[in-house]
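Below: one structure, written as structure tokens.
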Amino acid sequence: MPTVDVLLSADAIQDRIQEMATQINQDYEGETLLLVGVLKGSYLFLADLAKRLTGDVQIDFVQVSSYKGGKSTTGVVQIIKDLDVLIEGRNVLIIEDIVDTGLTLSHLLELLKTRRPKTIRIASLLRKPEALQTPLDVDYVGFDIPKEFVVGYGLDYEERFRNLPFIGIYREP
Ligand code: 5GP
């Protein structure tokens, strides 16, 4: 049986998301904001963050694919589900679970920029600084973590573990 060793507790995650929300509330005061959740991994982060945002917020989702169910990247990014709304002239905040190589988000960012949003920024719950393969500015980062494969709180291994309230390191037996 694989094991999952706790890296970030449920309480630590919630405390950090509150801090991120406080910052985002300040930065977008008086503005409307479109949260763009990157499916599926961001679903819990987006829900917990959005609950703490006090401004005029809308939510949409995009789904991209670069991983084929395992643990290694293919480097190919495809849009599986596009946005339902137009983003021209709007403040867009991309909500991501984890920045690993950065390839997925840098492709998505370039694509969405061509649609001429007013502003576009990135919030990622996790980032692996040692794994970054492309320059990518992440405007709001929850936690920098080591270059380990993690699951829980939205993140999966072959679609399992997304429901865990904490984040843990996945280890094969
Ligand atoms: P990147 O393009 O930055 O290498 O990868 C981003 C995507 O890879 C994330 O949205 C996530 O779906 C997946 N990913 C990267 N690292 C991990 C990890 O440690 N655990 C899981 N479950 N997914 C990961």
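Hydrogens, waters and symmetry mates play no part in the numbers below; they use all other heavy atoms, side chains included. What you are looking at is a predicted structure, and each value in this text was computed from that prediction instead of being measured. As the structure lists them, so they are numbered: ligands from 1, and atoms in each ligand from 1.
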Item to complete: Fit a plane to each ring of Tyr157 and Phe149, take the angle between them on a 0 to 90° scale, and name the class: parallel (under 30°), tilted (30 to 60°) or perpendicular (over 60°).
Response: perpendicular
Worksheet item: At a 4.0 Å threshold, what atoms of ligand 1 neighbour a non-hydrogen atom of Leu155?
Response: 21 (C), 22 (N), 23 (N)
Worksheet item: Any N or O on Gly102 sitting closer than 3.5 Å to an N or O of ligand 1?
Response: yes
Worksheet item: Do NZ/NE/NH1/NH2 and the carboxylate oxygens of Asp82 and Arg115 come within less than 4.0 Å?
Response: yes
Item to complete: Step by step, work out the side chain to side chain contact (heavy atoms under 4.5 Å, CB included) result for Gln133 and Leu103.
Response: CA-CA 7 Å; Gln133 285 181 19; Leu103 293 171; 3.8 Å; yes
Worksheet item: Against heavy atoms of Thr101, which atoms of ligand 1 measure under 4.0 Å?
Response: 1 (P), 2 (O), 3 (O), 4 (O)
Response to the item:
The atoms of ligand 1 lying under 4.0 Å from a heavy atom of Asp156, numbered in the order shown, are 21 (C), 22 (N)
Item to complete: Mark up the atoms of ligand 1 that fall under 4.0 Å of a heavy atom belonging to Thr104, in ascending order.
Response: 1 (P), 2 (O), 5 (O), 6 (C)
Worksheet item: Counting from 1, what ligand 1 atoms have a heavy atom of Glu96 closer than 4.0 Å?
Response: 10 (O)
Worksheet item: Taking N or O atoms only and a 3.5 Å limit, does Val150 qualify as a polar contact for ligand 1?
Response: yes
Worksheet item: Which is it for Glu148 and ligand 1 at heavy atoms under 4.0 Å: side chain, backbone, both or neither?
Response: backbone
Worksheet entry | Close side-chain approach of Asp27 and Tyr140, heavy atoms under 4.5 Å | yes
Worksheet item: Does an N or O anywhere in Tyr157 fall below 3.5 Å from an N or O of ligand 1?
Response: no
Item to complete: State, with a plain yes or no, whether a side-chain heavy atom of Glu96 is found less than 4.5 Å away from one of Leu108.
Response: no
Item to complete: Inspect the surroundings of CG in Leu111 and state if more than 12 heavy atoms from other residues, nucleotides or ligands are less than 6.0 Å away.
Response: yes
Worksheet item: Side-chain contact, heavy-atom cut-off 4.5 Å: Leu35 with Leu53?
Response: yes
Worksheet item: Under 4.0 Å from ligand 1, counting heavy atoms only, is it the side chain of Val38, its backbone, both or neither?
Response: neither
Worksheet item: Do the non-hydrogen side-chain atoms of Thr134 and Leu105 ever get within less than 4.5 Å of each other?
Response: no
Practice prompt. Pull out every atom of ligand 1 sitting under 4.0 Å from any heavy atom of Lys128, numbered as shown with elements.
Written response: 16 (N), 17 (C), 18 (C), 19 (O)
